[in-house]
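Contents: one structure, followed by commentary.
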Amino acid sequence: MSSWIKRTALAAVATAALMGAASAEVVYNRANSGEPETLDTHKTSTVQESHILRDMLEGLVTYSAKGEAIPGQAEKWEVTDDGKTYRFTLRNGLKWSNGDPVTAEDFVYSYRRIMDPATGAKYANILYPIKNAEKINKGQGKPEELGVKAVDAKTVEITLESPTPYFIELLTHQTSLPVHKGSVEKFGKDFVKPGNMVTNGAYKLVEFVPNSHIKLAKNENYYGAKDVQIDTVNYFPTPDFAAMVRRYEAGELDTTDDVPADQMKSLKERFKDQVRLGPYLGTWYMVVNSSKAPFNDVKVRQALSMLVDREFIAEQIWGQTMQPGYSFMPPGVGNYGEPAYMSYKDQSPIDREDAAKKLLTEAGFGPGKPLKVEIRYNTTDNNRNTVIAISEQWKQAGIETSFINTDGKTHFAHLRDGGDFDIARYGWIADYSDPNNFLFLLKSDNKGFNYGKYNNPEFDKLLDNAAKELDLKKRADMLKQAEAILMKDMPWIPIMYYGKSNLISPKIKGFVQNTRGVYPTRFLSKTQ
């Protein structure tokens, strides 16, 4: 038995064990391209974690099957004329998975917890539009001062610092998912373990076996349980995309959340319309550590960017599943218009290479003193092929590249915890369709995501002023000026705009590709 066949056989046995003896139950085996680092909604930051959390927990607002914001635990809401206060009415009879009632106080507790500095939520700043949120999160106020209150058991009132055009969509984000107060207080950080975790969404946690699977079972206390058709969903971490395809072909996986792009032609021939390509509102970056020599020299960062042949990478490495990226934000972001592109977007590769070599010479590099770069990346076939291609392009200008690759969990934790690097692979998928969701990543006070420690007071000031601007056109103009600064300073090097590629079994119904890349299991069904 070859090693590959042996692995497949073992995986089949494992899958059969997961399905258990209850053959009548509907089981959905779902690939997830990375292992979650945490299931604490207030400490999570990755797309892979959001898929799992979205199945287990539901906020005031949630996603539809098409990735649109729809009522969640709140059946409706009202907004004051000044756009600063939202009043949400909870549905009747809401329950947690342990039978406890879901009340307005649960949401007040959850929003206060994520803003409490003691929680250590790296993603808390996404909720800074809420009144006093930033002040509290920076230790300058008490959680009780947060602009969230329970008017009564069924009514949550949220007051904002200023009108925020994307606020309802913002509430679909994983940081707005509630936690069960009693479990947090009883189990501490272990409240997310199977047996301890209490959920209010369509599913509840049954098993979490690291590097193997996460098993969720239907939550009969969910208000929409009668419409949930899949009984069990198993999430399998699958960073090895080639192995993921083999497991899909063997029937062990019903869907994948990515594909090996370099096999696109072969995949289309083998799986035909099971290969699904769609838009995805995000950008694939190389984060430069701009606090560290020689990468603190803007000429070095500009040269590295100019030497990348984005068309080659998008077409030859990613099989046209991605588009060449020449701006920080992808096209199509709401409340904005056209992005601010790199000034050399339309220059020929030869002209760019000549200009880049001149910049490197001015920065002190050239024959006899090559620029040396170490790239960190999270291991997937697509990422590995991309960084190798970039290193070959840089080599034309005498740049020497080395690599460090780890699994996604380790990679993102290294960045999050302020670990050292020269250049790191990164990507950002919109949490909500607004330019603020991309630009806030590079604010100097964003300790959670400004991994390269970029610091430009002019950029910060434009974002601060835009946050106070009520005229959407003037706001968009300010934010475009801010993006133009990034395209000149190049603290992160945009490489491609994301596309979404999936393999979807004909047995799975209701899977709608959307720009948000969200596919709640509660809207899916599976034929046997």
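Computed from heavy atoms alone, side chains included, the values below leave out hydrogens, waters and symmetry copies. Note that the structure is predicted; figures quoted are calculated from it, not measured.
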Given the rule in the salt bridge (charged side-chain N to carboxylate O under 4.0 Å, His left out) test, do D240 and R247 qualify, once you have shown the distances and angles that lead to the verdict? CA-CA 11 Å; D240 182 339; R247 295 187 69 178; over 6 Å; no
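- Salt-bridge formation is detected for the pair R416/E37: a Lys NZ or Arg NE/NH1/NH2 atom is positioned less than 4.0 Å from an Asp or Glu carboxylate oxygen.
- Counting heavy atoms from C-beta outward, T386 and M496 have side chains that approach closer than 4.5 Å.
- Counted by atom type alone, S97 and Y203 present zero donor-acceptor pairs between their side chains at under 3.5 Å.
- Put simply, the side chain of M322 does not reach to within 4.5 Å of the side chain of N382, judged on heavy atoms.
- Shown here is K358, whose NZ atom has no more than 12 heavy atoms of other residues, nucleotides or ligands within 6.0 Å.
- For the residue pair D258 and S33, no side-chain donor N or O sits within less than 3.5 Å of a side-chain acceptor on the partner.
- Distance alone, capped at 3.5 Å, is enough to place a donor-acceptor pair between the D55 side chain and the T521 backbone.
- Using a 4.5 Å heavy-atom threshold, the side chains of I399 and L304 count as touching.
- Under a 3.5 Å cut-off, the side chain of E169 and the backbone N or O of A69 do not form any donor-acceptor pair.
- Note that CZ of F421 and NE2 of H411 are 8.5 Å apart. Values are rounded to the nearest 0.5 Å.
- Counting heavy-atom neighbours within 6.0 Å of K292 NZ, excluding the residue itself, gives a total above 12.
- Annotation for K453: atom NZ counts as buried by contact number, over 12 foreign heavy atoms lying within 6.0 Å.
- A donor and an acceptor atom, one from each side chain of D190 and N196, are nowhere located under 3.5 Å apart.
- Between the side chain of H213 and the backbone N or O of E207, no donor-acceptor pair lies under 3.5 Å.
- Annotation: cation-pi pair K480/Y336 present, NZ/CZ under 6.0 Å from the ring centroid and within 45° of its normal.
- The main-chain N or O of V518 is found under 3.5 Å from a side-chain atom of N514 such that the two form a donor-acceptor pair.
- I313 is listed as a side-chain neighbour of I390, based on a closest heavy-atom distance under 4.5 Å.
- Under the 3.5 Å distance criterion, the side-chain polar atoms of E483 are matched with a main-chain donor or acceptor of M329.
- Relative orientation of the Y123 and W428 rings is tilted, given thresholds of 30° and 60° on the angle between their planes.
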Would you please test S305 and R310 for side chain to side chain donor-acceptor pair (under 3.5 Å) and show each step? CA-CA 10 Å; S305 174; R310 294 165 174 81; 2.9 Å; yes
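- Remark: side-chain polar atoms of T119 are not paired, donor with acceptor, to backbone N or O of A121 under 3.5 angstrom.
- No side-chain donor-acceptor contact under 3.5 Å links Y166 and N335.
- In this structure, the side chains of R475 and D434 come closer than 4.5 Å at one or more pairs of heavy atoms.
- The main-chain N or O of V156 is never found under 3.5 Å from a side-chain atom of Y86 such that the two would form a donor-acceptor pair.
- Side-chain atoms of W394 never come within 3.5 Å of backbone atoms of L307 as a donor-acceptor pair (strictly under, hydrogens ignored).
- Note that R516 lies outside the cation-pi zone of Y63, set by a 6.0 Å cut-off to the ring centre and a 45° limit from the axis.
- Under the 3.5 Å distance criterion, with hydrogens and angles disregarded, a donor-acceptor pair is assigned to the side chains of N446 and N125.
- Looking at N289 and I423, their side chains never come closer than 4.5 Å, going by heavy atoms from C-beta outward.
- A cation-pi geometry, defined here as NZ or CZ lying under 6.0 Å from the six-membered ring centre and within 45° of its normal, does not hold between K443 and F440.
- No hydrogens or angles considered: nothing links the side chains of S501 and W318 as a donor-acceptor pair under 3.5 Å.
- Without hydrogens or angle criteria, Y432 side chain to T172 main chain gives no donor-acceptor distance under 3.5 Å.
- Ion pair D477/K474 not flagged as a salt bridge, since none of the NZ, NE, NH1 or NH2 atoms sits closer than 4.0 Å to an Asp/Glu carboxylate oxygen.
- Ring-plane geometry between W492 and F328 is classed as tilted, the angle between the planes lying from 30 to 60 degrees on a 0 to 90 degree scale.
- Below 30°, between 30° and 60°, or above 60°: for Y280 and Y498 the angle between ring planes is above 60°, a perpendicular geometry.
- A donor-acceptor distance shorter than 3.5 angstrom exists from the side chain of S50 to the backbone of V47, with no hydrogens or angles considered.
- Other residues, nucleotides and ligands contribute only 12 or fewer heavy atoms inside 6.0 Å of the NZ atom of K149.
- With contacts defined as side-chain heavy-atom distances shorter than 4.5 Å, the pair R301/S290 qualifies.
- In this structure the side chain of D40 reaches within 4.5 angstrom of the side chain of R113, judged on heavy atoms.
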